[in-house]
There are 2 protein chains.
Amino acid sequence: MAAKRSGARSKPLQPVQEPRSEPALSRERIVATAVELLDAQGLDGLTMRRLADRLGSGVMSLYWHVNNKEDVFDLALDSVLEYRGPPQIVESQDWRADVVHMLEDWRASMLRHPWSASLLPRRALGPNILSRLELLGKALSKAGVADTDLNVAIWSLWNYVMGATITRASFDLSDDDRAAAQQRLTSERYPTIERSRLLLDNDWDGAFRKGLDFLLDGLAPRE
Amino acid sequence: MAAKRSGARSKPLQPVQEPRSEPALSRERIVATAVELLDAQGLDGLTMRRLADRLGSGVMSLYWHVNNKEDVFDLALDSVLEYRGPPQIVESQDWRADVVHMLEDWRASMLRHPWSASLLPRRALGPNILSRLELLGKALSKAGVADTDLNVAIWSLWNYVMGATITRASFDLSDDDRAAAQQRLTSERYPTIERSRLLLDNDWDGAFRKGLDFLLDGLAPRE
DNA sequence: ACCTGAACACCGTTCAAGT
DNA sequence: ACCTGAACACCGTTCAAGT
């Protein structure tokens, strides 16, 4: 199908790596394609058969590189959570800003792949996740959180970020439904949440930030 | 199979409701059995075919009472979240204690059915969930949270509770894995979370409560 | 009104085999 | 070392039919 490369050297020094329409299968290619598929079709859209199709291979070929479907999920998830920190870790003095930045980045990474958030708490903690937790712990420690409170602090922030991101990623899909639901509230017996316009506020980023600030106020009061 | 009822009136005033070994199918029975199945086998264990088996009916009979599998999930979920508030709603003066009680009850309800937490944020908000949100909003309002902050306050608590419960429900299943994971931390490059014994602390209830207190401190500082 | 079986278009994975 | 097809034991749901 694809046109032959023009101007290729006629005397190959190394085996002519004819660019086949499909490069060789590899763990990396499988994971990358799985992420594509998940982004395009969601959690239920990932199928070993469809994955093999996209890769131009037989289904069972995947199983040479990967143990099973669970494996694919774990690998895809961790691959999406790699943390590229601030280019220079100059000796920051504002630990609180560091924490906020790290958690906003974490959330943003997951929202770029809406399937990832709901997967994360259910699966093993991959290396990229542990790195993020380590950085978070370090920042909190420097912010003055005592060692005895570190555990609670880390988990509290984890809980908040996970809950916020999973909810945001799910609700995102159905803006109309949300409006309809809010409509229903009006006529029924939920005056308080109707009044708060709970389902209508679209400033997710702002709400995330505000709630995070409240939590941080509780965890490590500003001097 | 079942022994005949003894002493049944011989002159039936209404059609003899012979108790068959399997009572008639109904939406209620389907939902109740779905919850049983989910409790026993987890999210992946619920299958229309298995559900029909347990009910002693053909698979397709279910579809008379229910639109599809999604429907079963939604119904099972909301059924598990019914809130039986405090027997007497005496005019409580301690709004903060009310909020804590409501959220601990919410979490406990979900942990009784470990599949429910991870399902909740992905599905529509059923009536029982809306009721809980309404009560929460009312309590926060009385606690002095301004109307403009109500939204953020409700969602922050929602996020925290959901994140905490989903995480707890998932990690619960694999105590050994957790120990193994913590072991791995030792030899590698995660000194801070290793030190915090992040994966070893088993006081989930206490951690939940402490983190919740921190968040509430931020949301509505005690006078 | 309520229930049914056959059939369709899918799944993940085992296995024995090919190169 | 890497890839494959056939086969197995499943899925959810449509449809046309039974009572």
Side-chain angles (χ1 to χ4, degrees), chain A residues 14-38 40-77 115 118-119 122-124, chain B residues 1-2 14-38 40-77 115 118-119 122-124:
Chain A
Q14 43 186 343
V16 210
Q17 188 70 353
E18 263 304 1
R20 321 249 314 83
S21 64
E22 303 295 348
L25 225 44
S26 72
R27 210 180 166 86
E28 288 72 34
R29 269 193 78 220
I30 292 177
V31 173
T33 308
V35 171
E36 277 176 38
L37 198 49
L38 284 163
Q41 319 257 27
L43 271 184
D44 293 338
L46 180 62
T47 274
M48 295 305 270
R49 282 166 152 95
R50 276 208 271 255
L51 186 51
D53 262 13
R54 279 216 182 197
L55 289 161
S57 77
V59 199
M60 294 317 299
S61 312
L62 304 177
Y63 286 81
W64 177 262
H65 304 271
V66 132
N67 287 325
N68 47 36
K69 197 184 176 182
E70 304 255 290
D71 230 25
V72 179
F73 274 126
D74 285 340
L75 293 168
L77 180 59
W115 47 273
S118 67
L119 211 51
R122 286 187 281 161
R123 323 246 18 131
Chain B
M1 295 284 189
Q14 43 187 343
V16 209
Q17 187 69 355
E18 264 303 1
R20 323 245 317 79
S21 66
E22 303 294 348
L25 225 44
S26 72
R27 212 180 165 84
E28 288 70 35
R29 268 192 79 220
I30 292 176
V31 173
T33 309
V35 170
E36 277 177 38
L37 198 48
L38 284 163
Q41 318 257 27
L43 271 184
D44 293 338
L46 179 61
T47 274
M48 295 305 270
R49 282 165 151 95
R50 276 207 272 254
L51 185 51
D53 262 13
R54 279 216 181 198
L55 289 160
S57 76
V59 199
M60 294 316 299
S61 311
L62 304 177
Y63 285 82
W64 176 262
H65 304 272
V66 132
N67 287 324
N68 47 36
K69 197 184 175 181
E70 304 256 290
D71 231 23
V72 179
F73 275 127
D74 285 340
L75 293 168
L77 180 60
W115 47 273
S118 68
L119 211 51
R122 286 188 280 161
R123 324 245 19 131

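Side chains included, hydrogens not; waters and symmetry mates left out as well; all remaining heavy atoms used. Proteins come first, then strands; the chains are lettered A, B, ... in the order of their sequence lines, and each starts at number 1.
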| remark: The dot-bracket string of DNA chain C, counting Watson-Crick and G-U wobble pairs with both distances under 3.5 Å, using [ ] for crossing pairs and | for pairs to another strand, is ||.|||||...|||||.||
Can I get a per-line list of side-chain donor-acceptor pairs under 3.5 Å for residues 56-66 of chain B, giving both atom names and the distance, sequence neighbours left out?
residue, atom, partner, partner atom, Å
B:S61, OG, B:G58, O, 3.3

Can you tell me the distance, in whole Å, between the [atom1] atom of [X] and the [atom2] atom of [N]?
| X | N | atom1 | atom2 | answer |
| --- | --- | --- | --- | --- |
| B:L55 | C:dT4 | CG | P | 11 Å |
| B:I30 | D:dG12 | CD1 | C1' | 15 Å |
| A:D53 | D:dG5 | CG | P | 12 Å |
| A:Q41 | C:dC10 | CD | P | 13 Å |
| B:D44 | D:dC10 | CG | P | 15 Å |
| A:R29 | D:dC2 | CZ | P | 14 Å |
| B:R49 | C:dC11 | CZ | C1' | 11 Å |

| Listed by chain and number, what are the side-chain hydrogen bond (donor to acceptor under 3.5 Å, both in side chains) partners of A:E70, not counting sequence neighbours? |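 Per chain and number, A:E70 pairs via side-chain hydrogen bond (donor to acceptor under 3.5 Å, both in side chains) with A:R123.
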| Contacts of B:E36 that satisfy side-chain hydrogen bond (donor to acceptor under 3.5 Å, both in side chains) - sequence neighbours left out |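 Listed in chain order: B:R54.
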| A:M60 has a side chain; which of C:dT14, D:dA7, C:dC3 sits nearest to it? |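 Among the listed nucleotides, the one closest to the side chain of A:M60 is C:dT14.
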| Selected nucleotide, minimal atom distance to A:R50 side chain, candidates C:dA6, D:dT4, C:dC11 |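 The nucleotide sitting nearest to the side chain is C:dC11.
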| field | CD1-CG distance between B:I30 and B:L25, expressed to the nearest 0.5 angstrom | value |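 Going from CD1 on B:I30 over to CG on B:L25, the span is 4.5 Å.
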| request: Quick one: pull up CG in A:L55 and OG1 in A:T33 and give me the separation to the nearest 0.5 Å. | output: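 Spacing of CG (A:L55) from OG1 (A:T33) equals 4.0 Å.
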| request: For DNA chain D, determine which residues of residues 61-73 of chain B have any heavy atom closer than 4.0 angstrom to one of its atoms, and list them numerically. | output: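 Those residues are B:Y63, B:N68, B:K69.
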| message | Using the C1' atom as the point on both nucleotides, what is the distance between C:dC10 and D:dC8, in whole Å? | response |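 Rounded to whole Å, the distance is 15 Å.
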| said: Does a side-chain N or O of B:T47 approach OP1 or OP2 of D:dC11 to a distance below 4.0 Å, or not? | reply: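 So the side chain of B:T47 is within the cut-off, an N or O lying under 4.0 Å from OP1 or OP2 of D:dC11.
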| said: Using a heavy-atom cut-off of 4.0 Å across all strands, would you classify A:M48 as base, sugar-phosphate, or nothing? | reply: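 Sugar-phosphate: the residue A:M48, judged by heavy atoms under 4.0 Å, touches backbone atoms but no base.
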| field | Least distance between heavy atoms, A:F73 atom then A:L38 atom | value |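 Reported closest heavy-atom pair: CE2-CD2, 4.0 Å.
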Side-chain donor-acceptor contacts of residues 42-50 of chain B below 3.5 Å, not counting sequence neighbours, with atom names and distances?
residue, atom, partner, partner atom, Å
B:R50, NE, B:G45, O, 3.1
B:R50, NH2, B:G45, O, 3.4

